[in-house]
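Just below is one structure, and these are the notes that go with it.
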There are 2 protein chains.
Amino acid sequence: MKMAMPNSREIERKFLLKQLPENLKRARRYVIAQGYLATESAGRQVRLRKKGKTASLTFKVGRGRSREEREIKLSPKQFAALWPATAGRRLCKLRYEIPWRDRLIEIDIYSGRHSGLVVEEVEFPDRATCRKFKPPAWFGREVTGEKRYSNVRLANE
Amino acid sequence: MKMAMPNSREIERKFLLKQLPENLKRARRYVIAQGYLATESAGRQVRLRKKGKTASLTFKVGRGRSREEREIKLSPKQFAALWPATAGRRLCKLRYEIPWRDRLIEIDIYSGRHSGLVVEEVEFPDRATCRKFKPPAWFGREVTGEKRYSNVRLANE
C-alpha cells in the first residue's frame, strides 16, 4: 500500500523583531491576506491565503517547530467562493523576503488591529539545520510555538 | 459595501429508513467518499468529497434544517493533495437519487463500520416548503439535526 506522505513538512522558527534590517527597501515584498475556514486544537486548521495575486488553501496540523502542511493553489473563482466564510477570522500583513546566508527570512509586518506587531520566520529543510540556526543580531525573542503569536489566534482576536 | 452572500443555503431534512422504495434499481446512484479536514462546534466544517468522478471541497456552518454552505469543485490533482489529511475522519456511502414529486430524495446507504445505517435526505428551496414536507410512508423517524447521525460524527467514530 502506498504511504500517505505529507505534501510537505514545515519546519520553522519564529522570532519577534528587535530592529529592521538595513536592506529592507531592496527586498521582495507581498501583501498577504489570510483567513481561516475552520480551526481545531492541536494546530489543525484550514487556511485561505492571497499572497500578491496568488491564492491558496492550506491544511496544517501540529504545533511548534515542525508541522505537517498540505497546500493547493486556488483559481480566483475558487478563492472568491470560499473567502466570505472567513469573515471575522482574518488578518493582513506585509511580508518582506530577505535572503540571509542559505536561508530565507520572512518579515511579517501586521496591519489592522495588530499593527505594531512584527515577526520574523525562518524555514528549514530539516530539523538539524533548524536546531543549529543562530539568529542574527537584529532578531528579538524567539516565540516559536507560542500560541499568543500564532496566526490563528491573531486572526480570531 | 458588497454583502458577503452565502454561496448557498442548504435547507434539508433527514430521516432514517423504514423500507427501501420499489423503484431503486432504476435510480441514479453514486459512490461517495468523504472526509473532514477540520471541524468545529456549531457544525463548522471543511469537507472533501468524491461523488462518482467529481471532487469537491465544501465549507458548512450551522446545525439543523438550514445551514450555510459554500462549495468549490476540485481538480483531481487538488483533491489528491488534500485527501490524505482526512485519514481517520472518513466515511463511504452509496447514494441513490430518487425524484419524488417536485423534490429529490437522496438515500444514503453507509458502508464500512456504519454498514446497516440507511438515511434519507430531502433538500428544499425554502423554509416554507421544508416545513410543509410530508414524508412518504417508506420514511422512518426524522433525525434532522441529531448529532448522532451527522456525517462528521459518523466519520470520526
Side-chain angles (χ1 to χ4, degrees), chain A residues 1-10 33-50 54-63 66-90 112 150-153 155-156, chain B residues 1-10 33-50 54-63 66-90 92 150-153 155-156:
Chain A
M1 228 177 92
K2 206 175 147 201
M3 280 287 287
M5 290 299 289
N7 181 315
S8 90
R9 186 157 286 275
E10 175 187 63
Q34 63 191 47
Y36 294 87
L37 289 178
T39 62
E40 294 181 21
S41 55
R44 194 175 177 107
Q45 55 173 251
V46 181
R47 183 190 76 191
L48 291 181
R49 176 182 269 186
K50 203 163 222 169
T54 306
S56 58
L57 180 146
T58 309
F59 166 85
K60 293 191 188 194
V61 64
R63 283 217 186 281
S66 174
R67 310 180 69 190
E68 182 188 332
E69 181 176 298
R70 294 175 181 276
E71 186 161 279
I72 60 171
K73 278 197 181 177
L74 295 182
S75 71
K77 196 178 153 191
Q78 287 177 317
F79 182 83
L82 295 175
W83 180 247
T86 65
R89 298 160 167 244
R90 295 177 185 161
S150 83
N151 282 299
V152 166
R153 173 76 74 90
N156 279 290
Chain B
M1 228 177 92
K2 208 174 146 200
M3 280 286 289
M5 290 299 289
N7 180 315
S8 91
R9 186 156 287 275
E10 175 187 66
Q34 64 191 47
Y36 295 87
L37 288 178
T39 62
E40 294 181 22
S41 56
R44 194 174 177 108
Q45 55 174 252
V46 182
R47 182 189 76 191
L48 291 181
R49 176 183 270 186
K50 203 163 222 171
T54 306
S56 58
L57 180 146
T58 309
F59 166 84
K60 293 191 187 193
V61 64
R63 285 216 185 282
S66 175
R67 310 179 69 190
E68 182 189 332
E69 181 176 299
R70 294 175 182 275
E71 186 161 278
I72 59 171
K73 277 197 182 178
L74 296 183
S75 71
K77 197 178 152 191
Q78 287 176 316
F79 182 82
L82 295 175
W83 181 247
T86 65
R89 296 159 167 244
R90 295 177 184 159
C92 192
S150 82
N151 282 299
V152 166
R153 172 77 74 91
N156 280 289

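These figures come from a predicted structure and were not determined experimentally. All values below were derived from every heavy atom in this structure, side-chain atoms included, with hydrogens, water molecules and symmetry-related copies excluded. Chain letters run A, B, ... following the sequence lines, proteins first, then strands; residues in each count from 1.
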Could I get the full list of salt bridge (charged side-chain N to carboxylate O under 4.0 Å, His left out) partners for B:Arg67, not counting sequence neighbours?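 B:Arg67 satisfies salt bridge (charged side-chain N to carboxylate O under 4.0 Å, His left out) with no other residue.
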Chain A contact via B:Thr58 - which portion, at a heavy-atom distance below 4.5 Å: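 When you check distances to chain A, no heavy atom of B:Thr58 falls under 4.5 Å.
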Flag side-chain contact, heavy atom, 4.5 Å: B:Gln78 against A:Gln78: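 A side-chain contact under 4.5 Å exists here.
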Is there a side-chain contact between A:Leu74 and B:Ile72 in this structure, where contact means two heavy atoms from C-beta onward sitting under 4.5 Å apart?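 A side-chain contact exists here, since the closest heavy-atom pair is under 4.5 Å.
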Just jot down the side chain to side chain donor-acceptor pair (under 3.5 Å) partners of A:Thr86, sequence neighbours excluded, or say none.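 For A:Thr86 the side chain to side chain donor-acceptor pair (under 3.5 Å) partners, ignoring immediate neighbours, are A:Arg90.
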Contacting moiety of A:Ser41, where chain B heavy atoms sit under 4.5 Å: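 For A:Ser41, no heavy atom lies under 4.5 Å from chain B.
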Part of A:Phe79 within contact of chain B (heavy atom distance under 4.5 Å):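 No part of A:Phe79 comes within 4.5 Å of chain B.
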